[in-house]
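Worksheet for the structure shown next.
One-based numbering along the sequence shown. Note that the structure is predicted; figures quoted are calculated from it, not measured. Start at 1 and go down the list; that is how both ligands and their atoms are numbered.
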Amino acid sequence: MKYEIPVTKTSESRLPEVDFNDIPFGRVFSDHMFICDYRDGRWQEPRIVPFGPFMIHPAAMGLHYGQSIFEGMKASKSHDGRPLLFRPDMHAKRINASAERMCMPAFPEELFLAALKKLVGLDAAWIPPQAGSALYIRPLMFASDEFIGVKPSLNYRFIIFTGPVGPYYPKPVSLLAEQKYVRAVEGGTGEAKAAGNYGGALLPAKLAQEKGFDQVMWLDAHEFKNVQEVGTMNIFFVIDGTVVTPPTGGTILKGITRDSIITILKDKGFDIDIRPVTVDELIEAHRGGKLEEAFGSGTAAVVAHVSKIGIGDEVLDLPPVEERRIGELAKKTINDLRAGLIPDPYGWIVEVPVSEAAEV
Ligand SMILES: *Cc1c(COP(=O)(O)O)cnc(C)c1O
């Protein structure tokens, strides 16, 4: 099915106000956004309009009862200026997996992809050309019924908006294994990119920061033993030459960067163990000098190296970042794919047709 997405263009682009060499993360938004509303049991006409606030009813159910889900992805520019998306089909599938868990309607995958292409094509000039910079893309769906009472909403709004982000050179992050609060439990909503998961994580993150750590490393909810993930990143360890990452198993968000890194490293001949990792194992490996690397993986940073991990009274200091061979290789490979610098054997890179970029 071919979707027609009518466009109302902004009368005055805000692009001239933006300095691509100095973009505060998450605060700059491009000229247009995509909107589609769900009413009467179906998705209504999609449209692209100038970016801006919209009215929301005080009783909108998404504000009260947490039927709100999102995605985070990026468009980049190839070295020769073509707009590229990275695995957009995976994001289309994941938002629908989140929708199913939160009792929300699925959004047609084809319309999701058509909307992305049209929106990114239209605002292609907002993709910073600098290496490592990108256009961050935020799809969001929330319950819009005007009703007080806990039940699935009948109406929803689906939007996509974007904003340029500078090259993300994250400092290595320090992590504190969280031994009181939990992010997710089997049967819960941890596998969904659902708004409430992040609200619930703010207090433990703040407490970890007060103790001098950047982020929380989540453990399982039963024994506080098995490592889960970190903030908005999945986690990898390199222990005695083997790459290890926990299985997702319902409590861990299925990161698309995680999946990409597993595929890439396997192809490059590394041993990857997808198995539970306990904090005791990390302490042990560190004592034996075998905890060689630890890194988080996610769309924003691609790879963020871990400098140290606090576990109870112990602090595991990891080797200097210059020695992180495997994490760096994963990061460089993904960044090179996104910049079109190396061939894409996986079909992950989706070009936004130039005709779409030009035609409005
Ligand atoms: C989004 C997210 C990730 C990373 O997913 P990517 O698809 O790699 O960006 C990991 N954990 C959580 C909790 C997340 O919300």
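- Ordered by chain and residue number, the residues placing a heavy atom less than 4.0 Å from ligand 1 are R94, R183, K193, Y198, E229, G231, T232, M233, N234, L253, G255, I256, T257, G298, T299.
- The aromatic rings of Y38 and W43 sit perpendicular to each other, their planes meeting at more than 60°, with 30° as the lower class boundary.
- Shown here are the ring-ring contact (aromatic ring centres under 6.0 Å, His included) partners of F25, two or more places apart in sequence or in another chain: Y168.
- A salt bridge links R47 with D37: at least one charged nitrogen is closer than 4.0 Å to a carboxylate oxygen.
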Verdict with reasoning, V350 to L116, per side chain to side chain contact (heavy atoms under 4.5 Å, CB included): CA-CA 11 Å; V350 174; L116 280 176; over 6 Å; no
Worked verdict on E109 versus K93 for salt bridge (Lys or Arg N to Asp or Glu O under 4.0 Å): CA-CA 7 Å; E109 280 178 32; K93 289 194 172 70; 3.7 Å; yes
D80 and R82: CA distance, side-chain angles, deciding distance, salt bridge (Lys or Arg N to Asp or Glu O under 4.0 Å) verdict: CA-CA 6 Å; D80 51 358; R82 291 169 295 125; 3.2 Å; yes
